[in-house]
Amino acid sequence: MGRERRASMAVSTISNSDIKLNPDGKTFDIYFVPESEYGKGKHANELIIPTAPFWTCTRIYMPGASVVEGAYKLPKLES
């Protein structure tokens with residue numbers, strides 16, 4: 001991807017301090033939305049989806065036993 005293309009793309013990120021937790025106080029949802037819908041207040045924790053196919057990657061810091069032992073399964077993405 002050329003530098004000009006990257007410069008024109010909107011960027012959305014969520015830091016740990018910005019995450020809005022669900023009512024249970026332990027979990028959170030992330031909503032992947034088109035750029036045209038981003039920031040309109042429909043969802044907490046929004047990330048802009050690219051217009052081309054994409055994949056997600058999850059990193060878990062300080063994992064608990066269920067992650068280390070392979071018992072934890074990431075939830076499926078819903079559309």
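Shortest non-hydrogen contact noted between D29 and N22 is OD2-OD1, 3.4 Å.
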**Study point:** side-chain contact (heavy atoms from CB on, under 4.5 Å) evaluation trace for F32 with I48
**Key:** CA-CA 6 Å; F32 296 94; I48 298 171; over 6 Å; no
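More than 12 heavy atoms of other residues, nucleotides or ligands sit less than 6.0 Å from atom OH of Y72.
Side-chain heavy atoms closer than 4.5 Å link hydrophobic residues (I, L, V, M, F, W, Y) into clusters, and following such links, even through other members, never connects I60 to V68. The cluster map of Ile, Leu, Val, Met, Phe, Trp and Tyr, joined by side-chain heavy atoms under 4.5 Å apart, puts I14 and F54 in the same cluster. By the criterion of side-chain heavy atoms lying less than 4.5 angstrom apart, applied directly or through intervening Ile, Leu, Val, Met, Phe, Trp or Tyr residues, L77 is grouped together with I30 in one hydrophobic cluster.
V33 is linked by a side chain to side chain contact (heavy atoms under 4.5 Å, CB included) to Y31, E37, Y38, H43, E46, counting only residues two or more places apart in sequence or in another chain. Partners of S17 according to the side-chain hydrogen bond (donor to acceptor under 3.5 Å, both in side chains) rule, which considers only residues two or more places apart in sequence or in another chain, are S15.
Applying the side-chain hydrogen bond (donor to acceptor under 3.5 Å, both in side chains) definition to pairs two or more places apart or across chains, those involving residues 61-70 are R59-Y61.
In this structure, K73 contributes its side chain and G70 its backbone to a donor-acceptor pair below 3.5 Å.
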